[in-house]
Amino acid sequence: MALLLRFVLLCGVADFTRSLSITTPDQMIEKAKGETAYLPCKFTLSPEDQGPLDIEWLLSPADNQKVDQVIILYSGDKIYDDYYQDLKGRVHFTSSDLKSGDASINVTNLRLSDIGTYQCKVKKAPGVGNKKIQLTVLVKPSGIKCYVDGSEEIGNDFKLKCEPKEGSLPLQYEWQKLSNSQKLPALWLPDMNSPVISVKNASTEYSGTYSCTVTNRVGSDQCQLHLNVVPPSNRAGTIAGAIVGILLALVLIGLTVFCCRKKRREEKYEKEVHHDIREDVPPPKSRTSTARSYMGSNHSSLGSMSPSNMEGYSKTQYNQVPSEDFERAPQSPTLPPAKFKYAYKTDGITVV
């Protein structure tokens, strides 16, 4: 029993001597991407805490596969803030006098990678204390787009859509009508807090300007659209016009192809004719060859005459002067001049 009491007293003395305490409670903080997060860590000291003051902030990333990282440190009256590359230049102590009991920090230009559990440790021997803060980085709704999905004609069904480009869940939607009666049609009321409003059997009273506001825990954004419900268009005429246009286009394409092919054939024909090798037409017979033929025929005729046949011819026949054409006919340089033998009979004597 005495030993038990002695143990309890020793524990009480230990707790008493450990007088350093952090007054900031554990908490959760939500901030938007790009903003600055203030992480409080205030502490109190007692006369028993005589050792050097050491302050250390650690980050336990949301990814459990990563180990705890020291992000900023105060020791030996110096600040070291280049331990963690991802937060380098973005984490700072808020107080210029840390010995006054304020070890809070600011994390600027928040990123999604900054999500995690931050732990503040303060040590001044023999006192030691620590607190944890859960930081969540959210993305505000932004880039909201409002548009009509369908044909804005009387009697048609279409949809009004509201879509944010980015934004952390959960998101809340609110539709409002900004013109005319300033009230949404009664049939739309069930959808006024959803990203899509389904319009059935549209009428002209639905026309007007509408807004959609998207909100989450860290911010909101808004878009507007103008709805103009009009009478149905002449679809039959539109379709007929489209068909006629297509037919005309096909005709023009056909004519173009035909002309191109025709021109190509003509060019090909001209090219073939230009390179064709033609045989020369034999020239007409010259007057020289005609005269030569005449002389040859006469020679043959005379040579075949016997002395008896020569009786019917007078001397003057063999002494006749050839015609002008015969005299002017040039002799071929390659052929010797023809020699004529005349045989005739006079006074019973044959003369050659």
What I'd like to find out is whether the side chain of [X] reaches to under 4.5 Å of the side chain of [Y], using heavy atoms alone.
| X | Y | value |
| --- | --- | --- |
| Y74 | L53 | yes |
| I133 | P40 | yes |
| L110 | L135 | yes |
| W57 | Y84 | no |

K33, NZ atom: more than 12 neighbouring heavy atoms under 6.0 Å: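 Result for NZ/K33: open.
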Over 12 non-hydrogen atoms of neighbours within 6.0 angstrom of CD in Q172: no
Least distance between heavy atoms, [X] atom then [Y] atom:
| X | Y | result |
| --- | --- | --- |
| L73 | E56 | CD1-CB, 3.9 Å |
| V229 | S207 | N-OG, 2.9 Å |
| Q222 | I144 | N-CG1, 4.1 Å |
| Y83 | V70 | CB-O, 2.9 Å |

Just by distance, with hydrogens left out, do [X] and [Y] show a side-chain donor and acceptor under 3.5 Å apart?
| X | Y | result |
| --- | --- | --- |
| S142 | E166 | yes |
| D86 | S113 | no |
| T44 | S21 | yes |
| Q224 | S211 | no |

How many angstroms lie between [atom1] in [X] and [atom2] in [Y], if you round to the nearest 0.5 Å?
| X | Y | atom1 | atom2 | result |
| --- | --- | --- | --- | --- |
| L178 | H226 | CG | NE2 | 11.5 Å |
| E163 | K145 | CD | NZ | 7.0 Å |
| R261 | R264 | CZ | CZ | 8.0 Å |
| I71 | L87 | CD1 | CG | 5.5 Å |
| Q27 | L39 | CD | CG | 8.5 Å |
| D221 | T213 | CG | OG1 | 8.5 Å |

According to ring pair (Phe, Tyr, Trp, His ring centres under 6.0 Å), does anything in residues 152-176 pair up with another residue at least two apart or in another chain? List the pairs.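 Qualifying pairs: none.
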Any ring pair (Phe, Tyr, Trp, His ring centres under 6.0 Å) involving residues 188-222? Give me the pairs, sequence neighbours left out, ordered by first then second residue.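 Listed by first then second residue: W188-Y206, W188-Y210.
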Could you list who else is in Y147's hydrophobic cluster, with ILVMFWY side chains joined at under 4.5 Å, directly or through other members? none
Should [X] and [Y] be regarded as members of a common hydrophobic cluster, given that ILVMFWY residues are connected when their side-chain heavy atoms come within less than 4.5 Å of each other, either directly or indirectly?
| X | Y | result |
| --- | --- | --- |
| L58 | V137 | no |
| I29 | I72 | yes |
| V214 | L169 | yes |
| L160 | L187 | yes |
| L112 | V218 | no |

C162 and C212 SG atoms under 2.5 angstrom apart: yes
Going through the distances and angles, do L227 and E152 end up as a side-chain contact (heavy atoms from CB on, under 4.5 Å)? CA-CA 7 Å; L227 178 63; E152 305 172 43; 3.4 Å; yes
Let me check something: any side-chain donor-acceptor pairs from residues 114-126 under 3.5 Å, sequence neighbours excluded? List them with distances.
| from | atom 1 | to | atom 2 | distance (Å) |
| --- | --- | --- | --- | --- |
| D114 | OD1 | R90 | NH2 | 3.0 |
| D114 | OD2 | R90 | NH1 | 2.9 |
| D114 | OD2 | R90 | NH2 | 3.4 |
| D114 | OD2 | R111 | N | 2.8 |
| T117 | OG1 | Q134 | OE1 | 2.7 |
| Y118 | OH | D114 | O | 2.7 |
| Q119 | NE2 | N130 | OD1 | 3.4 |
| K124 | NZ | G51 | O | 2.7 |

Expected output: side-chain [X] to main-chain [Y] donor-acceptor under 3.5 Å:
| X | Y | answer |
| --- | --- | --- |
| T23 | K42 | yes |
| D26 | K131 | no |
| E35 | A32 | yes |
| T209 | S179 | no |

side-chain contact (heavy atoms from CB on, under 4.5 Å) between I55 and F43: does it pass, once the steps are laid out? CA-CA 11 Å; I55 300 173; F43 60 93; 4.2 Å; yes
Could you walk me through whether V148 and L225 pass the side-chain contact (heavy atoms from CB on, under 4.5 Å) check? CA-CA 8 Å; V148 180; L225 68 82; 4.2 Å; yes
Using the test side chain to side chain contact (heavy atoms under 4.5 Å, CB included), find all partners of S168 that sit at least two apart in sequence or belong to another chain. L138, V139, N216
Quick one, I154 with V230, criterion side-chain contact (heavy atoms from CB on, under 4.5 Å). Give me CA distance, side-chain angles, the key distance, then yes/no. CA-CA 6 Å; I154 296 175; V230 297; over 6 Å; no
Step by step, work out the side-chain hydrogen bond (donor to acceptor under 3.5 Å, both in side chains) result for N106 and T36. CA-CA 7 Å; N106 281 334; T36 297; over 6 Å; no
Let me see the working for K88 and D82 under salt bridge (charged side-chain N to carboxylate O under 4.0 Å, His left out), right down to the final yes or no. CA-CA 5 Å; K88 186 176 181 180; D82 57 353; 5.5 Å; no
Could you pull out all donor-acceptor pairs under 3.5 Å where a side-chain atom in residues 97-105 meets a protein atom, sequence neighbours excluded?
| from | atom 1 | to | atom 2 | distance (Å) |
| --- | --- | --- | --- | --- |
| D97 | OD1 | K99 | N | 3.4 |
| K99 | NZ | D77 | OD1 | 3.4 |
| S100 | OG | D97 | O | 2.6 |
| D102 | OD1 | S104 | N | 3.0 |
| D102 | OD1 | S104 | OG | 2.7 |
| S104 | OG | Y38 | OH | 3.3 |
| S104 | OG | C41 | N | 2.8 |

